[in-house]
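Report on one structure; see the data block that follows.
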Amino acid sequence: MTSEPSTSLNIGILGHVDSGKTTLTRRIAEMGSTSAFDAHATSSSNSDGIRRNTLDLGFSTMTSLSGKRLALIDCPGHSGLIRAVLAASTVFDMAIVIIDVLAGIQPQTAEHLLLASKFCPDRVIVVLNKCDLADDQKIKESTKKVRKGLKAMGINENSPVVEMSLVDGFFKEEMLENLKKAIETREFEPRRDTEKLFLIAIDHCFAIKGQGTVLTGTVIRGTLRLNTEIEFASLSETRRVKTLESWKQRVDQVAAGNRAAFLVTPSFDENRFSRCISGAPGALKPTKSVLATVEPIVFFRKSINSRSKIHVSVAFETVMAECQFLRKDDEKDEFEILESMLAPCQVLLKFEKAVFIPENFKIPFMASRLEQQTGCRFAFSGHFENSDTENLKIFSRKSRKGTVERIEKDGYSAICTGMFKAETNFDVFRGFQISTSSGPRGKVEGAFGKSGKFRVVFQEKIDGLVEEKEEISLFMKKYCDKLVSYIPE
Ligand SMILES: Nc1nc2c(ncn2[C@@H]2O[C@H](COP(=O)(O)OP(=O)(O)OP(=O)(O)O)[C@@H](O)[C@H]2O)c(=O)[nH]1
């Protein structure tokens, strides 16, 4: 038995519906995994006894001109299947984006390009397909527009654009050669973390009658070894890896970056199974909230407020989360709640259900409004930074207004009104700082009577400076467990 070499690159095959992704993958791939070219297989039992779950990502492989193993991930172009593309993008090292020469950049092309811009902006290759339907002038115009589009999306505008025609009669081998040469210009030696506890992004699961369950996926960290335990944290199940293959070769280990197919027993009820990250026992922790750094997607046209709900795609899952945008004060090591997203800012994401993610691993995520029918659905992206959110010091700013009712005879204090209710507990506000419009500052001493009026004591004499009916203000930082007054700078 051998080990799969660690030079494999994962290439997303992206593009709008019907642009020709599967046709290209068929032409270029040397070997496919189960149902590699069957992008929308249904959940049906087959005569071979294998029950396949709904497939929407097709995995196949080819060898690059320099001899590298390339894993091709044929992604669905339909907007309703974007979750699968979001999941797959986690492992992209490179992207081939197929664009119909006549249609140009269509909505799904744009979303896929945005994903590529996040995961591999300098490793995008555009295939301008269906060139049999266009004349030279159109091809030239289209290429120009595509380059402009790449630039607008933060992708290297000098990315290779390969003219292609995949239909019989127009297809020429030299077109594929051009594509292979373009891939070669973008090849690199990825830095894989092969030392830590292994993690694998599992994309397919099917039972083989009488044998067990076969799972396929891409190892994203560490090394998956034969006869070791793998934990399916979201199912609270652990299994032993009984057989292990990479591209139909029996192997005894698969390192980060490579494809793996393995059998576990006893079998699963695969209806319980969905795309997920699994790993060595203990590698993943259930997490209900995370702190992340946010990069807004400029093509997202709506504003997003704190407390609104958003789809968060991370670690092969898409989960609903409530977002709270924050501004970090590095000096005080605390965070202020913002009304809406600003750039740059941070976000506290509170998930509706626990997501299983590795600790201390900077995981990229994409937040989107997938229910939106038109326009760009991706709202912001970033990296998870910290899942230990319990002890974060988070506050919101509050302020109250009131008026001076009268200045007391001593000249140092005033009775004020309009800021508190009759039932207010003044213990909370005693000592809080009060600003007057004319300048002097005082402190709340306590209630005056039972109607919510209160006494403010000043350090300086205020008669002649502060007037009756003058507006006064109280500024506070509200933390989860306390209120603190402050004077704005
Ligand atoms: N004229 C022409 N038709 C093409 C070419 N490439 C693909 N097609 C046709 O376009 C249609 C869609 O091709 P697919 O490869 O299934 O497209 P896809 O991007 O994988 O589609 P989805 O997975 O549904 O997003 C098929 O009918 C192909 O025969 C081409 O170069 N020229």
Side-chain angles (χ1 to χ4, degrees), residues 3-15 19-33 36-37 58-75 88-99 101 109 112-113 115-131 139 142-144 146-147 149-151 153-166 170-192 194 218-220 246-247 249 254-259:
S3 298
E4 175 70 359
S6 60
T7 50
S8 174
L9 289 175
N10 296 299
I11 307 185
I13 310 286
L14 302 167
S19 53
K21 297 178 290 296
T22 307
T23 316
L24 176 76
T25 313
R26 270 181 203 279
R27 288 259 187 211
I28 202 165
E30 291 148 17
M31 185 204 309
S33 61
F37 310 116
F59 289 83
S60 56
T61 184
M62 64 179 275
T63 312
S64 78
L65 292 178
S66 70
K68 261 195 172 56
R69 159 87 73 200
L70 305 178
L72 307 173
I73 310 166
D74 180 11
C75 296
S89 63
T90 312
V91 301
F92 289 169
D93 298 308
M94 205 186 280
I96 295 178
V97 182
I98 308 189
I99 299 178
V101 66
T109 331
H112 290 186
L113 282 170
L115 278 180
S117 76
K118 296 291 155 205
F119 290 94
C120 48
D122 291 318
R123 297 199 183 84
V124 173
I125 294 158
V126 172
V127 168
L128 206 57
N129 195 27
K130 308 198 182 182
C131 284
I139 295 171
S142 196
T143 306
K144 217 168 144 188
V146 164
R147 289 204 183 283
L150 294 181
K151 192 176 175 196
M153 286 185 208
I155 294 173
N156 186 341
E157 63 182 310
N158 297 317
S159 301
V161 177
V162 180
E163 290 171 27
M164 186 67 69
S165 186
L166 294 164
F170 292 92
F171 171 74
K172 294 190 193 88
E173 276 303 328
E174 70 179 78
M175 293 172 169
L176 280 196
E177 284 308 307
N178 289 342
L179 176 57
K180 286 181 186 173
K181 282 183 195 154
I183 293 172
E184 199 181 20
T185 66
R186 292 297 182 266
E187 271 181 26
F188 69 116
E189 204 55 55
R191 266 197 284 144
R192 311 283 194 208
T194 53
T218 305
V219 179
I220 52 177
S246 192
W247 297 115
Q249 289 268 319
V254 178
N258 296 305
R259 293 286 298 166

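All residue numbers in this chain count up from 1 along the given sequence.
With a 4.5 Å cut-off on side-chain heavy atoms, Lys180 and Met62 count as touching. Counting heavy atoms from C-beta outward, Val127 and Ile99 have side chains that stay 4.5 Å or more apart. Residues Thr109 and Ser19 are not in side-chain contact: their nearest non-hydrogen atoms beyond the backbone lie 4.5 Å or more apart. Thr61 places none of its side-chain heavy atoms less than 4.5 Å from the side chain of Leu72. Contact of the Thr90 side chain with the Thr218 side chain is not registered, since no non-hydrogen atoms from C-beta on lie closer than 4.5 Å. Contact of the Ser159 side chain with the Ile125 side chain is not registered, since no non-hydrogen atoms from C-beta on lie closer than 4.5 Å. Side-chain contact check for Ile28 versus Leu179: some heavy-atom pair is nearer than 4.5 Å.
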Practice prompt. Could you please spell out the steps behind the side-chain contact (heavy atoms from CB on, under 4.5 Å) verdict for Met94 and Ile183?
Written response: CA-CA 9 Å; Met94 205 186 280; Ile183 293 172; 4.0 Å; yes
Worksheet item: What's the verdict on side chain to side chain donor-acceptor pair (under 3.5 Å) for Ser64 and Glu184, showing C-alpha distance, side-chain angles and the deciding distance?
Response: CA-CA 7 Å; Ser64 78; Glu184 199 181 20; over 6 Å; no
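No donor-acceptor pair under 3.5 Å is formed between the side chain of Glu163 and the backbone N or O of Cys131. Distance alone, capped at 3.5 Å, places no donor-acceptor pair between the His112 side chain and the Leu14 backbone. A donor-acceptor pair under 3.5 Å links the side-chain atoms of Asp93 to the main chain of Asn10, judged by distance alone. Side-chain N or O atoms of Ser142 include one that pairs as donor or acceptor with a backbone N or O of Val101 at under 3.5 Å.
The shortest non-hydrogen separation linking Arg123 to Phe188 is NE-CD2, 3.1 Å. Of all the heavy atoms in Asn129 and Gly20, the pair that sits closest is ND2-CA, 3.8 Å.
Side-chain contact annotation: Ser246 with Asn258, donor-acceptor N/O pair under 3.5 Å absent.
In this structure, Lys68 pairs ionically with Glu189, as a charged nitrogen and a carboxylate oxygen lie closer than 4.0 Å.
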